[in-house]
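The structure appears below as structure tokens.
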Amino acid sequence: MSRPALPPVSRTPISRRGLFAAGALGGAGLAGVGVPALARDRRPVVGPRLASELFTLGIASGDPWPDGFVLWTRLAPEPLAADGLGGMPDAEVEVEWEVATDEAMSQVVRRGTETARLAGNHSVHAEVTGLEPAREYWYRFRANGELSPVGRAVTAPAADAEVAAMTFAFASCQNFPEGYFNAYADLARQDLDLVVHLGDYIYEGAGTQDALGRAHTSRKETFTLADYRLRYSQYKADADLQAAHAHAPWAVAPDDHEVENNWAGDISQVDTEPDQDPAVFRQRRAAAYQAYWENMPLRRSSLPQGPEMDIYRRLTFGRLLSLSMLDTRRFRDDQIEGGNQAVLDGRWDPRRTMLGRRQEGWLLNGLDSSRARWNVLGNQVFCFEADHEAGPEVRYSGDTWDSYAAARQRLFDQLHRRGVENFVMVTGDAHRSVAADLKLDFSDPSSPTVGTEFLGTSITSGGNGSDQDDLGRVWLAENPHMKFHNKQRGYQVVRLDQDTLECEYRVCDSVTVPGAPVRTRSVVTVESGRAGIADVSLF
């Protein structure tokens with residue numbers, strides 16, 4: 001396989017909103033620190049001779065803190081090697097990294113070395129500290145005499161900083177065989193402080209459809225660690241995805257397809273598979289989590305221990321934004337079996353949980369103590385109520401919060417009781433876009449609104465889509481709390497300041513044509529101190 005060319009990331013000048021909009025932006029105090037650059041003539045510390053083209057899977061940064069971020073890469077001279085090892089030998093490789101205050105990497109302020117090992121699929125997770133808050137940096141890696149591309153990262157503002165504004169994007173659901181990642185090419189041209197990925201980074205299915213020449217290379221479902229590793233390699237070799245990773249730090253959380261469609265806790269959802277036994281399924285989840293960790297810019301605190309992985313966590317951006325990344329798969333009760341009537345009969349069972357007791361308590365305590373203007377949840381499956389049936393009958397999804405209505409009500413009751421303001425959920429999974437008010441009682445349109453949810457569409461999953469479909473028309477007619485719907489592919493840009501939060505829905509005209517244009521379909525606005533959607537602008 002020839003390595004896909006990594007196009008240069010085109011960056012527009014940082015806007016008023018980008019880079020935390022000044023005020024909180026760090027000074028140039030580190031710019032003159034004479035940290036030596038990576039020595040190009042230094043002999044690499046390796047065992048056997050390595051192949052060239054080590055950085056075929058790109059680079060990334062993630063989970064920004066005020067003093068740093070994590071830097072990621074993975075060495076893979078043969079990314080599509082069937083054993084999932086990327087063509088790497090069983091050898092330790094010293095990988096150097098450096099961080100600079102300029103894109104030319106002439107003002108290096110931090111550097112270090114990490115050891116890439118076979119046990120971690122020769123991935124690198126370098127946790128960089130000692131940087132200034134709320135400022136832009138660039139970084140790169142060196143191994144075996146080869147330099148990686150240069151990436152851009154941004155530190156978070158100080159915890160008590162009065163931040164004027166910031167911008168982040170969120171995305172999900174990128175089924176490789178179903179389309180080109182045109183949305184990511186567009187995302188890499190935006191002024192962003194952060195990218196939030198809400199799951200379905202890979203798809204575990206066979207993916208044999210090859211109309212676009214993008215079939216899954218293995219053409220089989222993933223079960224083993226080698227299977228998952230190979231699947232990530234195929235996705236991460238995509239040039240547009242690499243450009244999006246190199247453009248800004250990411251905060252990530254998996255949904256279901258990183259393991260298996262619609263899994264819940266220790267329960268597989270496909271009766272005919274060998275992992276239907278919970279013990280066998282835990283082995284599969286351990287393999288999936290390991291491969292996820294190896295390919296994501298995550299801190300050591302998220303390193304999986306077998307089938308367990310710490311996914312839910314909180315990132316703060318001064319006193320402007322508190323971002324809580326949720327785990328809506330590992331701790332949930334199983335989906336209700338038996339069809340829609342069974343869902344209607346069981347969804348209000350108070351024993352059922354989506355988040356689990358510990359995560360639910362962590363979330364509520366964090367919201368209660370938050371000092372941020374905006375409290376945003378990174379959520380995998382939609383939380384608003386969505387009646388799927390026209391007329392007096394009602395029908396709900398078995399996999400979303402609708403099937404866990406009592407758990408949702410506990411959350412909303414606590415939000416209302418505790419007076420949590422400016423509550424917003426950003427969500428993936430559904431392959432369609434919706435902006436909706438979150439009601440204390442969805443059966444009563446006049447009941448208090450506790451927040452807003454922005455459901456974002458998929459990058460490619462579902463094919464080209466359309467502006468509307470039959471289900472979308474039913475949703476808008478039957479669910480008055482929904483204010484906007486679209487079923488095209490794309491991603492979302494969220495801009496927030498002290499007064500407003502707006503979500504721009506960017507849609508792609510086609511994912512079956514490489515380089516197809518991406519445009520704004522809607523901008524939905526929420527005002528600080530006023531729960532619910534204030535304005536919907538269509539384009």
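Numbers here simply count residues along the sequence, with the first being 1.
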Problem set entry | Donor + acceptor pair across side chains of R140, S148 (<3.5 Å) | no
For this session: Test side chain to side chain contact (heavy atoms under 4.5 Å, CB included) on Q488 and R519 and set out the steps.
Result: CA-CA 11 Å; Q488 291 168 286; R519 58 187 173 83; 3.6 Å; yes
Exercise. For A76, does its backbone N or O pair with a side-chain atom of T56 as donor and acceptor, under 3.5 Å?
Worked result: yes
Exercise. Where the side chain of R299 meets the backbone of D63, is there a donor-acceptor pair that is under 3.5 Å apart?
Worked result: yes
For this session: May I ask you to test the Y292-P304 pair for a side-chain heavy-atom distance under 4.5 Å?
Result: no
Exercise. Are side-chain N/O atoms of Y491 and D186 paired as donor and acceptor at under 3.5 Å?
Worked result: yes
For this session: Indicate yes or no: at least one non-hydrogen side-chain atom of Y180 is less than 4.5 angstrom from one of R214.
Result: yes
Exercise. Just by modelled atom types, is the V195 backbone N or O under 3.5 Å from a matching donor or acceptor in the H247 side chain?
Worked result: no
For this session: Could you tell me whether R284 and E204 have a side-chain N and a carboxylate O separated by less than 4.0 Å?
Result: no
Exercise. Is there a donor-acceptor contact under 3.5 Å from the side chain of Q492 to the main chain of F170?
Worked result: yes
For this session: Say whether, by atom type as modelled, one donor and one acceptor occur between the side chain of W401 and the main chain of M354 under 3.5 angstrom.
Result: no
For this session: Taking all non-hydrogen atoms of both residues into account, name the closest pair between S302 and D310 and its distance.
Result: OG-O, 3.0 Å
Problem set entry | Close side-chain approach of L326 and L377, heavy atoms under 4.5 Å | yes
Exercise. Closest approach of C173 and Y203, non-hydrogen atoms and distance?
Worked result: CB-OH, 3.5 Å
Exercise. What is the ring orientation for Y201 with H245, classed by angle as parallel under 30°, tilted 30 to 60°, or perpendicular over 60°?
Worked result: tilted
Exercise. Can you tell me if CH2 on W362 sees more than 12 non-hydrogen neighbours from other groups inside 6.0 Å?
Worked result: yes
Exercise. Are R358 and Y312 in a cation-pi setup, meaning NZ or CZ lies under 6.0 angstrom from the ring centre and within 45 degrees of the ring axis?
Worked result: no
For this session: Would you please name every residue forming a side chain to side chain contact (heavy atoms under 4.5 Å, CB included) with S218, sequence neighbours left out?
Result: K220, L230, R231
Exercise. V376 versus V494: any side-chain heavy-atom pair under 4.5 Å?
Worked result: no
Exercise. Does the side chain of R74 come under 3.5 Å of the side chain of S233 through a donor N or O and an acceptor N or O?
Worked result: yes
Seminar exercise, completed: In terms of heavy-atom contacts, D83 and A226 come closest through O-CB, 3.5 Å
Seminar exercise, completed: From the list D429, T427, D255, side-chain hydrogen bond (donor to acceptor under 3.5 Å, both in side chains) partner of N379 resolves to T427
Exercise. Among all residues two or more places apart in sequence or in another chain, which pass the salt bridge (Lys or Arg N to Asp or Glu O under 4.0 Å) test with D256?
Worked result: R329
Problem set entry | Main-chain N/O of A291 paired with N121 side-chain donor or acceptor, under 3.5 Å | no
Problem set entry | Minimal non-hydrogen separation, V154 against D193, with atom names | CB-O, 4.0 Å
Problem set entry | Residue pair R135, T155: steps toward the side chain to side chain donor-acceptor pair (under 3.5 Å) verdict | CA-CA 6 Å; R135 72 164 300 157; T155 52; over 6 Å; no
For this session: For L118 and L85, run side chain to side chain contact (heavy atoms under 4.5 Å, CB included): C-alpha distance rounded to whole Å, both residues' side-chain angles, the deciding distance at 0.1 Å, then the answer.
Result: CA-CA 8 Å; L118 184 67; L85 299 180; 3.9 Å; yes
Exercise. L198 versus V426: any side-chain heavy-atom pair under 4.5 Å?
Worked result: yes
For this session: Apply side chain to side chain contact (heavy atoms under 4.5 Å, CB included) to the pair W72 and V124, showing each step before the final yes or no.
Result: CA-CA 5 Å; W72 172 91; V124 171; over 6 Å; no
Problem set entry | Partner residues of R285 under the salt bridge (Lys or Arg N to Asp or Glu O under 4.0 Å) criterion, sequence neighbours left out | D266, E308
Seminar exercise, completed: Applying ring-ring contact (aromatic ring centres under 6.0 Å, His included) to F423 and not counting sequence neighbours gives none
Problem set entry | Any N422 side-chain heavy atom under 4.5 Å of S528 side chain | yes
Problem set entry | Side chains of Q174 and Y184, donor plus acceptor under 3.5 Å | yes
Exercise. Of the non-hydrogen atoms in F539 and T520, which two are nearest, and what is the gap between them?
Worked result: CB-O, 3.3 Å
Exercise. Roughly how far apart are R319 CZ and S370 OG, rounded to 0.5 Å?
Worked result: 9.5 Å
Exercise. Is there a side-chain contact between R314 and L323, using heavy atoms and a 4.5 Å cut-off?
Worked result: no
Problem set entry | Side-chain (R373) to main-chain (Q498) donor-acceptor, under 3.5 angstrom | yes
Exercise. Taking only residues two or more places apart in sequence, or in another chain, which ones meet F382 in a ring-ring contact (aromatic ring centres under 6.0 Å, His included)?
Worked result: F384, W475
Exercise. Any luck finding a side-chain donor-acceptor pair between T512 and N464 under 3.5 Å?
Worked result: yes
Exercise. Taking 4.0 angstrom as the limit, do D399 and R332 come out as a salt bridge?
Worked result: yes
Exercise. Is a side-chain N or O of R489 found less than 3.5 angstrom from the main chain of S510, in a donor-acceptor match?
Worked result: no
Exercise. Can you tell me if Q290 uses its side chain to pair, donor with acceptor, with the backbone of L225 under 3.5 Å?
Worked result: no
Problem set entry | Salt bridge E127-R300, side-chain N to carboxylate O under 4.0 Å | yes
Exercise. Are the side chains of L54 and P77 in touch, meaning some heavy atoms are under 4.5 Å apart?
Worked result: yes
For this session: With sequence neighbours excluded, tell me which residues meet ring-ring contact (aromatic ring centres under 6.0 Å, His included) with Y235.
Result: F176, H216
Exercise. Hey, is R152 close enough to E103 for a salt bridge, meaning N to O under 4.0 Å?
Worked result: no
Problem set entry | Test log, rule salt bridge (Lys or Arg N to Asp or Glu O under 4.0 Å), inputs E294 and R229 | CA-CA 8 Å; E294 291 170 352; R229 284 171 165 173; 2.7 Å; yes
Problem set entry | Distance in Å, H122 NE2 paired with R117 CZ, rounded so as to fall on 0.5 Å steps | 9.5 Å
Exercise. Ring centroid separation for F168 and W374, is it under 6.0 angstrom?
Worked result: no
Problem set entry | Straight-line distance of E53 CD to N144 CG, nearest 0.5 Å | 12.0 Å
Problem set entry | Separation between CD1 of I311 and CD of E258, rounded to the nearest 0.5 Å | 8.5 Å
Exercise. Which value, rounded to the nearest 0.5 Å, describes the distance between R330 atom CZ and Y289 atom OH?
Worked result: 6.5 Å
Exercise. Do you know the tightest heavy-atom contact between G207 and P177?
Worked result: O-CG, 3.8 Å
Exercise. Hey, what do you get for CD1 (I533) to OG1 (T525), rounding to the nearest 0.5 Å?
Worked result: 9.5 Å
For this session: Would you please test M309 and L298 for side chain to side chain contact (heavy atoms under 4.5 Å, CB included) and show each step?
Result: CA-CA 11 Å; M309 184 176 182; L298 288 164; 3.6 Å; yes
Exercise. Where the side chain of D102 meets the backbone of Q107, is there a donor-acceptor pair that is under 3.5 Å apart?
Worked result: yes
